[in-house]
There are 2 protein chains.
Amino acid sequence: MPFSREASAGYLANHMARLFEKGLARRLVPLGLAPAQFMVLLVLWREDGLTQRDLAERLDVEQATMANTLARMERDGLITRSVDAEDRRARRNHLTERGRALEGPATEAAAAQNAAALAGLTEAERAALIAIAAKVIATMRRG
Amino acid sequence: MPFSREASAGYLANHMARLFEKGLARRLVPLGLAPAQFMVLLVLWREDGLTQRDLAERLDVEQATMANTLARMERDGLITRSVDAEDRRARRNHLTERGRALEGPATEAAAAQNAAALAGLTEAERAALIAIAAKVIATMRRG
DNA sequence: ATCACTTGCATAGCATGCTATTCAACAGGA
DNA sequence: TCCTGTTGAATAGCATGCTATGCAAGTGAT
């Protein structure tokens with residue numbers, strides 16, 4: 001049996017993710033924001049002042065990846081970083097005014113992208129997609 | 001209503017795709033192969049001698065992305081590239097012996113990764129995931 | 001106190017992906 | 001033929017992501 005891209009969950013996940021990211025990137029450009037930066041903001045809007053390690057854990061990316069993303073966010077004026085008083089190895093990441101102000105428009109952009117992507121699905125299909133994807137993610141994180 | 005990563009199809013797609021790619025990369029390392037190279041091989045095993053433009057279209061990536069991937073594949077001895085006799089702008093991409101020989105083991109690696117990822121799902125859930133993902137992809141490609 | 005281990009970050013090097021630009025080769029019409 | 005517009009590739013520059021290292025700052029046991 002030939003291996004078929006079209007029926008491979010891994011290939012479809014990759015393709016779907018690329019299209020999502022491209023669409024989100026386009027919607028975030030006017031805000032001066034990139035997709036990975038938006039993910040970090042999603043966390044900081046709820047819990048400001050987290051460390052790099054905290055952020056990497058919550059978004060399940062490697063520490064080195066987060067280090068680079070945070071450096072770009074600092075460069076772009078979205079966050080400031082200050083050495084922790086208790087543990088001088090750690091740096092606390094805080095939202096700037098600009099970073100805080102983007103919550104409304106950036107969230108709308110992301111919601112619009114999700115809506116556009118899921119436009120052809122029924123409510124049941126949307127729920128199924130989310131539930132099944134969450135299961136697959138859980139399986140792979142354990143394995 | 002707060003925007004929730006956990007219930008965002010875009011976020012889940014990204015997370016799922018990263019985990020798939022990481023797992024596949026690990027399984028392909030012993031073969032000296034990277035995930036994007038495997039995708040190109042999947043196409044060439046069926047249709048050898050395609051141009052860069054052909055490959056980019058079939059995998060839905062930009063021409064520049066494909067140019068870089070093909071350069072790495074040539075460097076790694078997976079393909080050779082020759083100028084097309086009819087159209088001297090175009091270059092035909094041909095599998096090497098090594099590229100051809102990897103079909104079996106690489107396909108097995110990818111199948112194993114898919115199986116591991118979907119291990120927690122029922123047959124119906126697997127079918128649903130693939131069908132719904134394909135629909136979402138179709139929607140985004142049009143939009 | 002000292003030494004070994006752990007932990008938080010930074011950096012190097014690489015693969016993928018994108019947009020934008022450039023160049024050479026082709027194709028079609030004036 | 002010549003000029004224009006299109007098309008196939010290459011390249012530059014950047015964002016994300018990964019692994020592997022290295023360093024400084026904690027921690028704990030002796």
Side-chain angles (χ1 to χ4, degrees), chain A residues 10-11 13-29 32-40 49-57 59-76 78-79 81-93, chain B residues 10-11 13-29 32-40 49-57 59-76 78-79 81-93:
Chain A
Y11 179 77
N14 174 276
H15 196 173
M16 187 165 56
R18 281 190 287 115
L19 291 169
F20 260 114
E21 182 157 358
K22 206 167 160 181
L24 178 59
R26 198 160 281 143
R27 291 174 200 270
L28 290 178
V29 159
L33 208 56
Q37 300 180 343
F38 171 65
M39 299 309 166
V40 173
L50 293 178
T51 66
Q52 184 176 114
R53 169 56 54 197
D54 294 333
L55 288 163
E57 272 168 16
L59 294 175
D60 197 25
V61 299
E62 297 300 320
Q63 168 266 318
T65 298
M66 188 52 67
N68 287 324
T69 298
L70 290 174
R72 284 188 292 269
M73 292 178 74
E74 186 175 36
R75 176 202 66 189
D76 296 347
L78 296 165
I79 58 169
R81 296 195 274 180
S82 56
V83 172
D84 186 301
E86 322 263 303
D87 182 344
R88 295 212 315 266
R89 289 171 304 179
R91 303 179 67 181
R92 300 262 153 210
N93 297 280
Chain B
Y11 179 76
N14 174 275
H15 196 174
M16 187 166 56
R18 280 191 287 115
L19 291 169
F20 261 113
E21 182 157 359
K22 206 167 160 181
L24 179 58
R26 197 160 284 144
R27 291 174 200 268
L28 290 178
V29 160
L33 208 56
Q37 299 181 344
F38 172 65
M39 299 308 166
V40 173
L50 292 178
T51 66
Q52 185 176 113
R53 169 56 54 197
D54 293 332
L55 288 163
E57 269 168 18
L59 294 174
D60 197 26
V61 299
E62 296 300 320
Q63 168 265 319
T65 297
M66 189 51 68
N68 288 324
T69 297
L70 290 174
R72 284 188 292 269
M73 292 179 75
E74 186 176 36
R75 177 202 66 190
D76 296 347
L78 296 165
I79 58 170
R81 297 194 274 179
S82 56
V83 172
D84 186 300
E86 321 265 303
D87 183 344
R88 295 212 313 269
R89 289 170 304 180
R91 303 179 67 181
R92 300 260 154 213
N93 297 279

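Every chain is numbered from 1, with letters handed out A, B, ... down the list of sequences.
- Proximity of a side-chain donor or acceptor of N93(B) to a complementary backbone N or O of L50(B) within less than 3.5 Å is detected.
- Checking dA15(C), dA10(D), dC18(C) against every side-chain atom of N68(B), the shortest atom distance belongs to dC18(C).
- For the side-chain hydrogen bond (donor to acceptor under 3.5 Å, both in side chains) criterion with Q63(B), the lone passing option out of Q52(B), E57(B), R53(B) is Q52(B).
- Whole-Å rounding puts the N14(B) CG to dT16(C) P distance at 17 Å.
- Atom-to-atom, CD of E57(B) to P of dT7(D) comes out at 11 Å; the value is rounded to the nearest Å.
- Straight-line distance from the CD atom of E74(A) to the C1' atom of dC9(C): 13 Å, rounded to whole Å.
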>> Is there a side chain to side chain contact (heavy atoms under 4.5 Å, CB included) between T51(B) and R92(B)? Walk through the geometry before answering.
In response: CA-CA 5 Å; T51(B) 66; R92(B) 300 260 154 213; 3.7 Å; yes

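- Of the listed nucleotides (dT19(D), dT11(D), dA10(C)), dA10(C) has the atom at the smallest distance from the side chain of R81(A).
- Comparing dA9(D), dG17(C), dC9(C) by their closest approach to the side chain of R53(A) singles out dC9(C).
- DNA chain C is contacted by both A67(A) and T69(B); A67(A) maps to the nucleotide lying nearer its 5′ end (nearest heavy atom per residue).
- When rounded to the nearest whole Å, the span between NZ of K22(A) and C1' of dT16(C) equals 13 Å.
- Atom P of nucleotide dG8(D) and atom CD of E86(B) are separated by 14 Å, given to the nearest angstrom.
- Nucleotide dA15(C) holds its C1' atom 14 Å from the CE atom of M66(B), rounded to whole Å.
- Using a 4.0 Å heavy-atom distance criterion, R92(B) is classed as making no nucleic acid contact.
- Between R91(B) and the phosphate of dT7(D), there is no side-chain N or O to OP1/OP2 separation shorter than 4.0 Å.
- N68(A) and R72(A) are not linked by any side-chain donor-acceptor pair at a separation below 3.5 angstrom, with hydrogens and angles left out of the test.
- For R88(B) and dA9(D), the shortest distance from a side-chain N or O to OP1 or OP2 is not below 4.0 Å.
- Side-chain atoms of D76(B) do not come within 3.5 Å of backbone N or O of L78(B) as any donor-acceptor pair.
- Rounded to an integer number of Å, the gap from CG of D76(B) to P of dA15(C) is 7 Å.
- When heavy atoms are screened at a 4.0 angstrom cut-off, R72(A) is found touching base atoms of the nucleic acid.
- Between the CD atom of Q63(A) and the P atom of dT21(D) there is a distance of 15 Å, rounded to whole Å.
- Residue-to-nucleotide proximity on DNA chain D shows that, of T65(A) and D84(A), the 5′-proximal contact is made by T65(A).
- Between E62(A) and K22(B) the shortest heavy-atom distance is OE2-NZ, 3.1 Å.
- In the set dT16(D), dT19(D), dT16(C), the nucleotide with an atom closest to the side chain of A34(A) is dT16(D).
- Each of A64(B) and V61(A) lies near DNA chain D, and the nucleotide nearest A64(B) is the one positioned closer to the 5' end.
- Proximity note for E62(B) (side chain, C-beta onward) versus dA15(D), dG8(D), dT19(C): the nearest is dT19(C).
- Taking 4.0 angstrom as the limit, Q52(A) places a side-chain polar atom (N or O) nearer than this to OP1 or OP2 of dA10(C).
- Residue-to-nucleotide contacts include no donor-acceptor pair under 3.5 Å from the side chain of Q37(A) to the base of dA15(D).
- Relative to the side chain of R89(B), the nucleotides dC9(C), dA9(D), dT7(D) differ in distance, and dT7(D) lies closest.
- Closest approach to the T51(B) side chain among dG26(D), dA9(D), dG17(C) is made by dA9(D) (side chain taken as heavy atoms from C-beta onward).
- Taking for each of R75(B) and D60(B) the nucleotide of DNA chain C with the nearest heavy atom, the 5'-most of the two is the partner of R75(B).
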